[in-house]
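Data first, discussion second: the structure below is written as structure tokens.
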Amino acid sequence: MKGVALVTGASRGIGRATALQLAKDGFAVAVHCLHSIDEAEAVCHQIRANGKQAQTYLCDVADTAAVHRMVQDIQLALGPITALVNNAGIAQQKLFTDITPEEWHRMMAVHVDGIYNTCHAVLPEMIRNHAGTIVNVSSMWGQTGGSCEVHYSTAKAAVIGFTKALAKEVGPAGIRVNCVAPGVIKTDMMAGFDEETLSALAEETPLCRLGTPEDVANAVSFLVSEQAGFITGQVLAPNGGTVI
């Protein structure tokens, strides 16, 4: 076994694909979710069916105390966390002038406070072991900004800045911190888009298709692997060429 991977927001979409891929790579996987316990358990069942270890954990990543309890539970059940994938997120399309203070703060709490909480919880053990990898999931809108997604774009830009700063700080301890910034990926977050809009988005992508969760999971898998052993503080962008 390569170690233990915690994947947040792993009940579906990118998180699910990442959990399954890291299990294939040889990790025991802590499958985190907020509400979708049945879907998270289904991910664990699939991993166990292939002879790997997996366990479901439920908490709000914006809740500092809950995250620390979760990490302690994972360490007791599976062992020290050697790979952390911060994927949990929410999305919303709304005019900036219509965004409520509650919506703004929740967006920051999940994306920014969330990665603070998880990293703060796992890093002491990683530093003690002088090893570990962290991959944070941002978005191409964190790189370029997205109209009607100011709060989302702001949060995802913060994820990139967080990644670069933390990589410099913990690099001497043998810990790598990287980021993926996906483009348009066909997940449940796009359930509100009709086929005409999805087709238009595909046409606007140089590779002429939408991304899949597996496209992002493969990028995460690489960044976690020893093949990326000299890569830290970087943003890998599986976006089909939309942002170059």
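Residue numbers count from 1 along this sequence.
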Does any N or O in the side chain of S221 come within less than 3.5 Å of the main-chain N or O of A217, such that one atom is a donor and the other an acceptor? no
Before we go on, tell me: are the rings of F96 and H151 under 6.0 Å apart, centre to centre? no
Is it the case that the side chain of N87 and the backbone of T8 share a donor-acceptor pair, with hydrogens and angles ignored and the cut-off at 3.5 Å? yes
So does A54 get a backbone contact from the side chain of R48, meaning a donor-acceptor N/O pair under 3.5 Å? yes
Strictly below 4.0 Å, N to O, side chains only: are K52 and D25 in salt-bridge contact? no
Other residues, nucleotides and ligands only: do more than 12 of their heavy atoms fall within 6.0 Å of NZ on K168? no
Hey, mind stepping through R106 and Q92 against side-chain hydrogen bond (donor to acceptor under 3.5 Å, both in side chains) and telling me if it holds? CA-CA 11 Å; R106 182 59 183 168; Q92 183 184 47; over 6 Å; no
Would you find more than 12 non-hydrogen atoms of other residues, nucleotides or ligands less than 6.0 Å from Y116 atom OH? no
Test item: side-chain donor near acceptor, D194 and T197, under 3.5 Å: yes
Measure from the side-chain N and O atoms of N239 to the backbone N and O of P182, and report whether any donor-acceptor pair falls under 3.5 Å. no
Examine V43 and L58 and state if one hydrophobic cluster contains both, with Ile, Leu, Val, Met, Phe, Trp and Tyr joined whenever side-chain heavy atoms are less than 4.5 Å apart. no
Does D215 reach the main-chain N or O of G211 with its side chain, forming a donor-acceptor pair under 3.5 Å? no
